[in-house]
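One structure below.
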Amino acid sequence: MNAPDLPEDDNLGLYQHATEAGAEWWRVSVADRPETYRLEHGVDNGSGPGPVDIDLVVDAENLRAKLKKWRREGFAIDTDSASGERSTAARVAFMPQLQRAAALAAAAKQREANGLDAGMGTTVRIGHVDVPCGAGHALVPAVNPAYLFAERFNDIVEDIVENRRVMLIGHTGAGKTSLIEQVAARSRHGVLRSNMNGQTTVGDFVGFWTVKGGETLWVDGVLPTAMREGLWLIVDEIDFAEPSILAALTAVLEPRGRLVLKEKGNEIVAPHPAFRLFATANAVGAMSQFRHLYQGANLMNEAFLDRWRVYLLDYLTPAEEANVLISTLAPHMTRPLATTLAAIAADCRAAFAREDLSSAFSTRRLLDWAELMLRTGDPERAAGPAIYSKVSPEDAALIRGIVRHHIAPAA
Ligand SMILES: Nc1ncnc2c1ncn2[C@@H]1O[C@H](COP(=O)(O)OP(=O)(O)O)[C@@H](O)[C@H]1O
Ligand SMILES: [Mg+2]
């Protein structure tokens, strides 16, 4: 029925033709019945499109005749307005197309992995991802059997396998460092940590010359050490790093990026294939709204951030946290106790988000409080060293109120 050289759907849009007073226009859109088109007409007298004065539905053949006529009369499709119409089709088509493309990409990756498996060492499955195992090292962290790999961590683990630079941002104690350490622990990779919120100098980080027994020798910093030995380096609190350290890091942010040791006669350090680089930060990017809580943190520029995959790590959900409490403090921590404690932590975090509380409530703090509570049998006494002594008196009073709300005094 349709002439193959005239796909009518490509002709949807707004056709305009200038008049002395303004413009005359026809809008072509898809009508309800298949292969029919709605034509609307109006006049723009200089103050806007004006009301629709003709509104009709035509078939494809009729539309083609109209298009021909309009072209003769000097109507031109207005691409700006037409893009509104076209984007409807593009909008609807995007997700199905993306899903097909992603499925093909996953299948290709799987084929590649199957091909590599023969030549590659062992892998360990973490969440949904097969992670190649390291050779083992004195710096492999201990496995925490109670560690919970949430579904949302899969993307991060996949990025590690793909050798992406991963930055984890989130509040203190949300689990940034432990996520990387637990992936490393299970896949037997050694981990070096370097905290930027302290006395870390560019010498510690990159290396320095020293004199020992009359001899001058070079000592590698953590970065070249990790690169040469194939360790995983976590640059903690990167938003506190000195500019000279960030400059050294920038060189190795590309997956095959090499480090040039200028102080050592421009020696080039190439990354071992197992080398991985991570950063953590509290107040960068999406977390900048909390900068007032992390005094002294620097803003990181977007060009630097764009070299990383930046993941916002939130606290575990109350259900997840209850599970972690139970498995960490087995066999004595019961589900009803754990559920109440996780709810208290959630309430404290909500108060923090409202700025009623000025201190964050970490999973570490909760675990510590729970552990001490099992020893003392007294939540209030346990909260002293685990919580109250670490916060301001105002915060302590507010937290005490939240605890009392959830736990009635013993009869
Ligand atoms: N997914 C998890 N499963 C079990 N425990 C967790 C999890 N995430 C965090 N924790 C606990 O919280 C503590 C604090 O996490 P950490 O990684 O040090 O936080 P951050 O680096 O964000 O400050 C960890 O030592 C661990 O005990
Ligand atoms: Mg940390």
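The first residue in the sequence is number 1, and the count goes up from there. The figures here come from the full heavy-atom set of this structure, side chains too, leaving out hydrogens, waters and symmetry mates. Both counts, for ligands and for their atoms, begin at 1 and track the order of listing.
Checked against a 3.5 angstrom limit, the closest N/O atoms of Leu179 and ligand 1 fall outside it. Residue-to-ligand polar distances keep Thr363 apart from ligand 1: every N/O pair is separated by 3.5 Å or more. Here's the thing with Gly173: one of its N/O atoms is less than 3.5 angstrom from an N/O atom of ligand 1. Distances between N or O atoms of Gly175 and those of ligand 1 include at least one value under 3.5 Å. Geometrically, ligand 1 and Val324 share no nitrogen or oxygen pair separated by less than 3.5 Å. Below 3.5 Å of separation, one finds no N or O of Asn144 facing any N or O of ligand 1.
In summary, the atoms of ligand 1 found under 4.0 Å from a heavy atom of Thr172, numbered by their order in the structure, are 23 (O). Near Leu316, meaning under 4.0 Å from one of its heavy atoms, ligand 1 places the atoms 1 (N), 2 (C), 7 (C). Each of the following atoms of ligand 1 lies closer than 4.0 Å to a heavy atom of His171: 22 (O). The atoms of ligand 1 that sit less than 4.0 Å from any heavy atom of Ala146 are 4 (C).
Side-chain atoms of Asp347 and His405 include no donor-acceptor pair closer than 3.5 Å.
One option in Ser362, Ser178, Ser327, Pro145 has a heavy atom closer to atom 9 (C) of ligand 1 than any other, and that option is Ser178.
None of the N, O or S atoms belonging to Thr172 lies under 2.8 Å away from the Mg ion (ligand 2).
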